[in-house]
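Report on one structure; see the data block that follows.
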Amino acid sequence: MPDVAGQVSRALRLAPPDQLAEAADRAIRAALEASRSEVFIADYRFSGLWPVLDPELPDAGFLACHGVAQRCFSSQQPVLDAGENGRCRVYLPLSVWGERLGVLLVELTGQPDPATVRVAQDIAGELAVALRAADRETDRYRRARRRERLSMAAEMQWDLLPGRSVAHGAFLLAGQLEPAYTVGGDHFDWSIDGDRLTVTVLNGTGNGLAASLLTAVTVNAMRNARRSGGSLVEQAELASDTIFYQHRGSRHVATLLLELDTRRGVVKAVDAGSPHVLRLRGGTVTPIALEQQLPLGMFAETRYDVQEFAVEPGDRLFVVSDGVYAAEPAGQEPYGERAMARSMRATRLQPATEAVGTVMRELHAYHVDADLRDDAVVVCLDWRGSGRAGDGCER
């Protein structure tokens, strides 16, 4: 078989950023003799997959493929669906570095052999990389992701995120914000740099745009320190000083900063406020006890201390904001008392990318479908072990 994936890659490089789906469709039809293709994009809440080529696709057509496409998206494996007249629909995950973007549908005239499926997987990988790169140049794919209008604060928060998941030989990491379309001050950030993974979870004071602006300043201050080679403590202290000299103590940001050494399986932590970290080991959920220090920005030149704890292969860490563990709807006990641990234990057989959604769905159910009263962040880290650190990233 000729270098089909290479041909598609060249077609995508030559296409305008807003025309990737059309370019991929033409190349796929020509190279695989496919009858059609479609790109489905996951929405902000991961509640569904939505077509790009035909956004006005009738509900019946969308729902007919939705269950199979969702199975592909959740499993991150190709799914074949034999149809009428000998046709076969092949659903392929659109993912890059562990970031799940959506699903590619390729409809073939017959049952594909394994070599054809592998070529289709390579095409999906090339398209995922192109979609990720194009996302800054066009609004088309972001429009496909939103099922309702974002608030101004939420627009800023989603634009500030590093992604929603990332995979590495040693770990799988995922996060989710809620309420997705109106989130204000809560946020997460991460970065991989050699043998170091840095993760931060923030719970900014206030609501709406003011909280989002405060979070944006905090995240960029920590990134500035980190990208300049600053330690975890230096990241916290620069962010704290930046906030204080802007607001003189009237605003602050509760933040948990974590740095995982992927060689040794040791986590350094600066606990500067309310986000909590919990460990799921086997079937047991245990809070990680950290000395809580002042939130960022309360006082001038606040100094922070770093603490350490170890992780074992198979450990799962959850980091949650107070909008998760302190949620207390309709006079019930706080979600974090018992219900949160139950939802975390229920994720044991799920990857981190699915686990964050499970915890969020259970949180929504705990609110009896009422709107969340506070922003909520869940970040999940699956530690696979340092022996896999050299395996590289997944796509």
Side-chain angles (χ1 to χ4, degrees), residues 40-50 66-79 91-104 121 124-125 127-129 131-132 135 141 145 158 161-178 180 183 186-192 197 199-201 258 260 262 277-280 285 311 313-321 324 340 343-364 376-385 388 391-395:
F40 292 95
I41 298 292
D43 63 42
Y44 284 103
R45 296 190 63 188
F46 288 131
S47 62
L49 294 158
W50 307 92
H66 180 262
V68 183
Q70 189 64 48
R71 180 149 49 95
C72 169
F73 184 76
S74 297
S75 69
Q76 290 294 286
Q77 296 295 325
V79 176
Y91 295 89
L92 304 137
L94 290 171
S95 304
V96 55
W97 302 304
E99 170 80 355
R100 302 185 303 167
L101 305 179
V103 167
L104 171 65
Q121 284 182 275
L127 178 57
V129 172
L131 287 169
R132 181 73 182 267
D135 207 37
Y141 314 114
R145 281 207 295 271
W158 285 104
L161 285 178
R164 289 191 280 180
S165 56
V166 64
H168 183 277
F171 61 82
L172 177 61
L173 179 63
Q176 179 65 8
L177 299 177
E178 290 285 354
V183 66
D186 285 15
H187 199 266
F188 59 83
D189 191 29
W190 58 56
S191 176
I192 304 169
L197 167 68
V199 180
T200 57
V201 174
L258 303 174
L260 170 64
T262 60
V277 57
L278 303 98
R279 181 186 63 218
L280 175 61
V285 177
V311 288
D315 278 357
R316 167 169 286 175
L317 298 181
F318 284 102
V319 185
V320 296
S321 67
V324 179
M340 184 177 70
S343 71
M344 290 176 176
R345 287 194 295 270
T347 70
R348 290 195 302 273
L349 300 181
Q350 297 176 329
T353 46
E354 292 289 307
V356 290
T358 295
V359 175
M360 282 297 192
R361 284 191 297 274
E362 292 297 322
L363 176 63
H364 278 280
V377 170
V378 175
V379 171
C380 182
L381 170 66
D382 284 345
W383 173 242
R384 297 165 170 169
R388 298 184 56 159
D391 294 350
C393 296
E394 300 176 359
R395 185 170 77 184

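Residue numbers run from 1 in the order of the sequence given.
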- Nearest heavy-atom pair of Thr262 and Ala170: which atoms, and what distance? CB-CB, 4.4 Å
- Item | Heavy-atom side-chain proximity of Leu177 to Phe188 below 4.5 angstrom | yes
- Can you name the closest pair of heavy atoms from Val103 and Ala69 and give their distance? CG2-O, 3.5 Å
- Task: Check Gln70 against Gly48 and note the closest heavy-atom contact, atom names and distance.
- Result: OE1-CA, 4.4 Å
- Please answer whether the main-chain N or O of Gly163 pairs with a side-chain N or O of Trp190 as donor and acceptor at a distance below 3.5 Å. no
- Item | Nearest-0.5 Å distance, OG1 of residue Thr347 to CZ of residue Arg316 | 4.0 Å
- Taking side chain as C-beta onward, heavy atoms only, is Val199 less than 4.5 Å from Leu381? no
- Task: May I ask you to decide if Ala174's main-chain N or O and Thr353's side chain share a donor-acceptor pair within less than 3.5 Å?
- Result: no
- Return yes if some donor-acceptor pair links the side-chain N/O of Asp189 with the main-chain N/O of Thr200 below 3.5 Å, else return no. no
- Judged by atom type as modelled, is there a donor-acceptor pair below 3.5 Å linking the side chain of Glu99 to the main-chain atoms of Val166? no
- Note on the structure: Closest non-hydrogen contact found for Met340 with Val320 is SD-CG2, 4.0 Å
- Message: Check whether Asp382 reaches the backbone of Ala352 with its side chain - one donor and one acceptor, N or O, closer than 3.5 Å.
- Response: yes
- Just one of Val324, Val285, Val378 clears the side chain to side chain contact (heavy atoms under 4.5 Å, CB included) bar with Phe318, so which one? Val378
- Task: Would you check if the side chain of Arg132 reaches a backbone N or O of Val129 as a donor-acceptor pair within less than 3.5 Å?
- Result: no
- CZ/Arg100 to SG/Cys72 distance, rounded to the nearest 0.5 angstrom? 10.5 Å
- Would you mind reporting whether Val356 and Arg164 have side-chain heavy atoms less than 4.5 Å apart? no
- Message: Given 3.5 Å as the limit, does a donor-acceptor pair link the side chain of Arg45 with the main chain of Glu178, or not?
- Response: no
- Task: Taking Gln77 for its side chain and Pro93 for its backbone only, find out whether a donor-acceptor pair lies under 3.5 Å.
- Result: no
- So, do Leu317 and Trp383 sit near enough that their side-chain heavy atoms are less than 4.5 Å apart? no
- Query: To the nearest 0.5 Å, how far apart are CG in Leu127 and CG in Leu92?
  - Reply: 10.0 Å
- Query: Is the closest side-chain heavy-atom distance between Glu354 and Gln76 below 4.5 Å?
  - Reply: no
- Query: Can you find a heavy atom in the side chain of His168 that is under 4.5 Å from one in the side chain of Leu197?
  - Reply: no
- Task: Would you please indicate yes or no on a ring centroid separation below 6.0 angstrom for Phe46 and Phe73?
- Result: yes
- So, for Leu363 and Ala376, which heavy atoms are closest and what is the spacing to 0.1 Å? CD2-CB, 3.9 Å
- Note on the structure: Here the gap from Ser95 atom OG to Leu104 atom CG, rounded to the nearest 0.5 Å, amounts to 11.0 Å
- Query: OG1 of Thr358 to CE of Met344: how many Å apart, nearest 0.5 Å?
  - Reply: 11.5 Å
- Report yes if the side chains of His187 and Val377 come closer than 4.5 Å at any heavy-atom pair, otherwise no. no
